[in-house]
Amino acid sequence: MTSRRTRDRLIARLREQGVEDERVLDVVRDTPRHIFIDEALSHRAYEDTALPIGFNQTISQPYSVARMTELLLAKGPLHNVLEVGTGSGYQTAVLAQLVDQVFSVERIKPLQDKARKRLQLLKLRNVQLMHSDGGMGWPAKAPFDGILVTAAPEEVPAELLAQLAVGGRLIIPVGGRKQELKLIVRTGEDSFETNVVEAAKFVPLLSGTVR
């Protein structure tokens with residue numbers, strides 16, 4: 001289940017799909033994805049597929065995690081990164097090994113509590129978690145060099161754009177039944193450059209919180 005060969009097979013698949021950043025591939029290979037899902041599904045941990053984690057949420061497909069992380073880091077090291085949607089904590093763990101500081105918000109408290117324990121187990125101490133409506137971001141910690149969103153709003157939240165530093169990169173799936181993964185770069189105080197990367201499929205970004 002967690003053998004090196006199984007993980008290497010996953011990395012080979014990610015390479016075939018176009019992921020090139022070796023730092024990202026190494027971290028995905030070495031991060032124990034099986035601890036982020038229920039034991040009943042752990043035999044599928046290193047398949048390139050999203051899996052249910054409860055509350056109508058999923059742990060993201062490894063390709064999506066690797067691709068979004070690669071896009072975020074494409075222009076060099078990042079210091080201050082916001083993640084919207086902690087979920088299982090898997091994407092959080094990958095980010096925490098590649099950037100200086102991760103601030104992650106999650107609207108569903110039981111998921112956040114589990115994620116915190118997993119991150120502690122991995123001794124990842126450069127992560128701060130907040131139980132909050134994700135679309136609002138974390139204004140007190142802004143501006144962010146990078147923002148990565150793991151659920152899809154119908155439109156890009158203005159609050160997240162406002163919290164992006166000039167030169168910062170926002171990676172976000174956008175849309176309803178038909179979604180697109182977008183890369184948005186803040187090019188000036190009031191200017192943004194948007195590129196559509198590829199089709200995407202994520203759970204919807206919902207407002208409000210769950211305890």
Side-chain angles (χ1 to χ4, degrees), residues 1-74 77-78 81 83-102 104 106 108 110-127 129 146 148-152 171-173 179-181 183 197-204:
M1 179 182 69
T2 62
S3 72
R4 180 76 177 192
R5 184 181 301 172
T6 304
R7 298 189 192 200
D8 284 346
R9 203 159 43 232
L10 172 61
I11 298 309
R13 180 171 168 79
L14 299 184
R15 281 204 179 96
E16 286 170 8
Q17 294 179 90
V19 179
E20 298 177 349
D21 190 320
E22 290 298 328
R23 298 166 302 161
V24 173
L25 291 169
D26 285 346
V27 168
V28 172
R29 177 192 287 111
D30 294 339
T31 301
R33 190 171 184 248
H34 61 279
I35 74 167
F36 292 91
I37 56 180
D38 289 340
E39 198 171 335
L41 289 171
S42 59
H43 64 288
R44 300 187 62 192
Y46 300 97
E47 294 177 13
D48 186 28
T49 187
L51 295 167
I53 56 171
F55 298 91
N56 293 317
Q57 303 297 300
T58 59
I59 182 174
S60 292
Q61 177 186 5
Y63 169 75
S64 298
V65 170
R67 183 74 174 120
M68 292 171 76
T69 305
E70 179 179 61
L71 288 166
L72 199 70
L73 296 171
L78 298 178
V81 171
E83 178 192 33
V84 176
T86 314
S88 68
Y90 176 62
Q91 171 75 78
T92 322
V94 170
L95 280 175
Q97 296 171 75
L98 291 161
V99 306
D100 291 342
Q101 185 74 45
V102 179
S104 186
E106 172 56 56
I108 301 171
L111 289 183
Q112 184 191 59
D113 291 342
K114 284 185 179 181
R116 178 177 280 108
K117 290 175 182 173
R118 292 159 178 157
L119 295 167
Q120 289 171 345
L121 185 66
L122 295 177
K123 297 181 168 57
L124 295 171
R125 298 188 175 91
N126 59 333
V127 179
L129 303 179
L148 191 153
V149 184
T150 63
I171 314 296
I172 182 169
Q179 299 174 8
E180 295 175 329
L181 184 64
L183 162 62
V197 179
E198 60 195 29
K201 188 176 181 182
F202 284 80
V203 296

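Between Leu71 and Leu181 the shortest side-chain heavy-atom distance falls below 4.5 Å. By the 4.5 Å heavy-atom criterion applied to side chains, Ile11 and Leu14 are counted as neighbours. Inter-residue side-chain proximity for Arg33 and Leu51 is flagged as met; some heavy-atom pair is nearer than 4.5 Å. Between Leu25 and Val19 the shortest side-chain heavy-atom distance falls below 4.5 Å.
Taking Asp100 as the reference, His79 meet the side chain to side chain donor-acceptor pair (under 3.5 Å) condition, with sequence neighbours excluded. Asn126 meets the side chain to side chain donor-acceptor pair (under 3.5 Å) test with no other residue; sequence neighbours excluded. Legend: residues meeting side chain to side chain donor-acceptor pair (under 3.5 Å) with Glu39, ordered by chain and number and at least two apart, are absent. A search for salt bridge (Lys or Arg N to Asp or Glu O under 4.0 Å) contacts involving Glu16 returns nothing, not counting sequence neighbours. Listed by chain and number, the residues in a side chain to side chain donor-acceptor pair (under 3.5 Å) with Arg67 are Glu70 (sequence neighbours excluded). Under the side chain to side chain contact (heavy atoms under 4.5 Å, CB included) criterion, Ala152 pairs with Pro173, Gln179, Phe202, sequence neighbours left out.
Residue pairs meeting the salt bridge (Lys or Arg N to Asp or Glu O under 4.0 Å) criterion with at least one partner in residues 46-57, sequence neighbours excluded, are Arg13-Asp48, Arg44-Glu47.
Expressed to the nearest 0.5 Å, how far CD of Glu106 lies from CZ of Phe55 amounts to 9.5 Å. Distance check, rounded to the nearest 0.5 Å: CG of Leu10 to CZ of Arg29 gives 9.5 Å.
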Counting only pairs under 3.5 Å, give me each side-chain donor-acceptor contact of residues 114-123, with atom names and distances, residues two or more places apart or in other chains.
| residue | atom | partner | partner atom | Å |
| --- | --- | --- | --- | --- |
| Arg118 | NE | Ile35 | O | 3.0 |
| Arg118 | NH1 | Ser88 | O | 3.1 |

Mind listing the side-chain donor-acceptor pairs of residues 89-96 below 3.5 Å, one per line with the distance, residues two or more places apart or on another chain?
| residue | atom | partner | partner atom | Å |
| --- | --- | --- | --- | --- |
| Gln91 | NE2 | Thr69 | OG1 | 2.9 |
| Thr92 | OG1 | Glu83 | OE1 | 2.6 |
| Thr92 | OG1 | Glu83 | OE2 | 3.4 |

